[in-house]
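Following: one structure in structure tokens, then a few remarks.
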Protein chains: 4
Amino acid sequence: MRERDDDKQRRILAAAGQIVMDEGIAAVSLSKIAQAAGIASGTLYTYFKDKNAMLKALYLHHKEAMAKATTQFDPSGDPERELRHYMDLVYAYAQQHLADMLLIREFNQSPVLQQLGVTRAEAYAGYEPIVQLTERGVAAGVFMPVVFDVLMSYAYTPVVEYAVAVANGLIDPQTVPFDRIKMLSCRAILVHPKA
Amino acid sequence: MRERDDDKQRRILAAAGQIVMDEGIAAVSLSKIAQAAGIASGTLYTYFKDKNAMLKALYLHHKEAMAKATTQFDPSGDPERELRHYMDLVYAYAQQHLADMLLIREFNQSPVLQQLGVTRAEAYAGYEPIVQLTERGVAAGVFMPVVFDVLMSYAYTPVVEYAVAVANGLIDPQTVPFDRIKMLSCRAILVHPKA
Amino acid sequence: MRERDDDKQRRILAAAGQIVMDEGIAAVSLSKIAQAAGIASGTLYTYFKDKNAMLKALYLHHKEAMAKATTQFDPSGDPERELRHYMDLVYAYAQQHLADMLLIREFNQSPVLQQLGVTRAEAYAGYEPIVQLTERGVAAGVFMPVVFDVLMSYAYTPVVEYAVAVANGLIDPQTVPFDRIKMLSCRAILVHPKA
Amino acid sequence: MRERDDDKQRRILAAAGQIVMDEGIAAVSLSKIAQAAGIASGTLYTYFKDKNAMLKALYLHHKEAMAKATTQFDPSGDPERELRHYMDLVYAYAQQHLADMLLIREFNQSPVLQQLGVTRAEAYAGYEPIVQLTERGVAAGVFMPVVFDVLMSYAYTPVVEYAVAVANGLIDPQTVPFDRIKMLSCRAILVHPKA
DNA sequence: AATGAATGAGCCTTCATTCAT
DNA sequence: GATGAATGAAGGCTCATTCAT
């Protein structure tokens, strides 16, 4: 359970992530991971206590990376501007790391998540700026009366779904540009949407 | 591979569905299903070609049931009223069959779905009324310019997410009633939201 | 966990017993058993719930066989005569089934036994005639005041140890015949040993 | 494979012994031992060639310790008195080191012992006083005509079995005191038992 | 059509042993 | 001499699938 070789740990998580994205959580097997990571199967246990610990680390790692990337806005700035900024960040992240987002989504919605023993604190780690933004926007009368989870339903989920639909060819970005999504979400959340 | 005994097939799908809802897709095993359905494991192969075929049938069955229940509106009625009606139907279904919806969602978002060989036509079966409603609403200038998938992002997904959050205790329905969600979604989609 | 094929179950136990006798309990592996029994490894689970259940069955089977063979005396006959008879039966069994006895002994003295969940009732099953003989002999004033376990220490254990020592060439049966053992044990247990 | 640090070797054997006593020979693993002994697993190989060598050392160490403790009688003294003394020593040792005795017994009766390559000379080391006592007692006409192994069957084994039965609650030492065992064994071995 | 015993690949995990540091 | 990461074989067990009955 040591972590002598940080690079190796990274390779393991990368290999596991690839499998989850390609074949789903259910298809993850330690032997596949070991092979993909170029190590012996037993070596996995030097880096993770067991399979669940590895999946948990994988999940939290991706989740934190995304949280960090999508919270690079100013939570004390103008709520409307920061909300738009947040959605841009999410979309930018989706364009570069869509698979990672799908991995997070698959975990979020899988009963496996409970077995991993992810605490609520761990699950929310990194999202504080968004919570803060939500509260400030509502308090300032700029946002409709929403709570964190509701705001995410309109500012995060539609963006990801849009990116997925575009990637799958279900939506033509020429016909429906990302700005349209942003506009719709703003209409929902902002008390006085611009246009 | 005939379907001699329709009741038996139903029992199989019911047993499988229960397991998916309780433990996730990954936990489904044919022996568990057989036992829960009260039949011999080999008999499963009389009704389904293999495990994937059974999962596909399970998925489509639940999806169609939900599609049927949530499209009991008048697709040629007033778009705004029918949109609200649709959201009510979705919420009503979520309150009675949340597990079914989660099953559908777990499938939708898992790479497993591709392995099951679900065609695009099968995936969209039953949703025609919503497609029709979308097109009519947009054409009439009542809806913002959206396509089917985008409308679902605002009229279906937030409702399900809300129901899940309430079920998990993350949202207090006293503080955030369902009407709030409906209002937000209408603000997004309708050109002239009522209030 | 069915037992359709009694012969197969017998073959499994025989194979397992052989391995225990040859290499010890610790060396028992299900794959070895399967190979020796000429079946696939998974098939073992048709006959036994798991490895422990199989070992328990193995232990009890051998123990009961020995108990049955060594209690073919008349528990209500003359205590002295029946005691001698019992020792003869034990020795006869040892000459034909020494390995079985060693298997029983290895189980008895292994911490594994506790994991197998052998109840006290199961452990004593089949020994009732000896318990009865002990009590009658003591009550009649023919035996020294002993309880079951003590009697076994003098009437059973030395016989087995003798048989083992002879088998290992540590004792020459010409020099020390079995009658010598029987005499010593009788001197210990009987109030008035014959010679 | 030198023995630089005698203390470390002792700690290793102590750790291994504890595991054998607690969980049985089969549960011994070198990593467990290393952890319990506070050394790195690789270091074990500095002190022992391999696992078998370690087990053999463990066995012999305990056996010699017991042999030394139970042969603190005067092998040239009065045979009857010394025989009683020997049994007292065995019982005293059992009361303080029952687990050690069970460890020895588990080894003695397991086929594993042969794999360890214990020579006959090693097995008998330390028991010379008892051999000598046996021969003198028989020659003097005080003991019945027994050889070493037979004497042990009556003077050692019943004592250990008694101690185990008491420890397991199978025998109540109030009802059956140790003196009873000593008396029975003396009746078997002595030509003219006292009482 | 229905059964369920049988199969053997594959899963997660542990372990004795090696070797670069 | 000591370390502990790395190895890969082996262990117990589950599972989808087949097939004789």
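Sequence lines set the chain letters: A, B, ... in the order given, protein chains first and strands last, and positions in each chain run from 1.
Atom-to-atom, CD1 of B:Ile12 to C1' of E:dA1 comes out at 12 Å; the value is rounded to the nearest Å. Atom-to-atom, CD1 of A:Ile19 to P of E:dC11 comes out at 10 Å; the value is rounded to the nearest Å. Taking atom CE of residue B:Met54 and atom C1' of nucleotide F:dT17, one finds them 14 Å apart after rounding to whole Å. In this structure, B:Leu44 places its CG atom 14 Å from P of E:dA1, rounding to the nearest Å. Between C:Tyr47 atom OH and F:dC13 atom P there is a gap of 18 Å when expressed in whole angstrom units. Atoms CZ (D:Arg11) and P (F:dA2) sit 10 Å apart, rounded to a whole Å. Protein atom CG of A:Leu55 is 12 Å distant from nucleotide atom C1' of E:dC12, rounded to whole Å. Across the protein-nucleic acid pair, B:Phe48 atom CZ and F:dT18 atom P stand 16 Å apart, rounded to whole Å.
For the pair C:Leu44 and C:Leu30, the tightest heavy-atom approach, listed with the atom from each and the gap, is CD1-O, 3.4 Å. Taking every heavy atom of both residues into account, D:Ile104 and D:His62 meet most closely at CD1-O, 3.6 Å. Closest of all the heavy-atom pairs between A:Met21 and A:Ala99 is SD-CB, 3.1 Å. Contact record, B:Ile19 with B:Ala27: CG2-O, 4.0 Å, taken as the closest heavy-atom pair. Closest heavy-atom contact between A:Pro111 and B:Gly24: CG-CA, 3.3 Å.
Each of B:Asn52 and D:Gly38 was assigned the nucleotide of DNA chain F with the nearest heavy atom; the assignment lying further toward the 5' end belongs to D:Gly38. Nearer to the 5' terminus of DNA chain E, by closest-nucleotide assignment, is the contact made by A:Asp50 (compared with the other of D:Gly42 and A:Asp50). The residue among B:Ala40 and C:Ala40 whose nearest nucleotide of DNA chain E is located toward the 5' end is B:Ala40.
OP1 or OP2 of E:dT7 has at least one side-chain nitrogen or oxygen of C:Thr43 nearer than 4.0 Å. For C:Tyr45, no side-chain nitrogen or oxygen approaches OP1 or OP2 of F:dC15 to under 4.0 Å. A sub-4.0 Å separation between OP1 or OP2 of E:dT17 and a side-chain N or O of D:Lys49 is absent.
Dense packing is recorded around NE2 of C:His97, with more than 12 heavy atoms of other residues, nucleotides or ligands lying under 6.0 Å away. Enclosure of atom CD in B:Gln35 is not indicated, since only 12 or fewer non-hydrogen atoms of other residues, nucleotides or ligands lie within 6.0 angstrom.
The ring pair (Phe, Tyr, Trp, His ring centres under 6.0 Å) analysis of residues 105-124 of chain D, with sequence neighbours excluded, yields the pairs D:Tyr59-D:Phe107, D:Tyr124-D:Phe148.
Using a 4.0 Å heavy-atom criterion, one finds that A:Ile39 contacts the sugar-phosphate atoms exclusively.
For A:Lys51, whose side chain is taken as the heavy atoms from C-beta onward, the closest listed nucleotide among E:dA2, F:dA6, E:dT13 is E:dT13. Of the candidates F:dA6, E:dA2, F:dC13, F:dC13 carries the atom nearest the C:Ser41 side chain, counting heavy atoms from C-beta on.
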* Nucleotide-level pairing of DNA chain F, given in dot-bracket where Watson-Crick and G-U pairs need both distances under 3.5 Å and | marks other strands -> .||||||||||||||||||||
* To do: Tell me, with the steps shown, if C:Lys56 and C:Val118 meet side-chain contact (heavy atoms from CB on, under 4.5 Å).
  => CA-CA 7 Å; C:Lys56 180 175 172 178; C:Val118 177; 4.1 Å; yes
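Listed by residue number, D:Val28, D:Ser29, D:Leu30, D:Ser31 are the residues of residues 23-36 of chain D with a heavy-atom contact under 4.0 Å to DNA chain E.
Rounding to the nearest 0.5 angstrom, the gap separating the CG atom in A:Leu102 from the CG atom in A:Asn108 is 11.5 Å.
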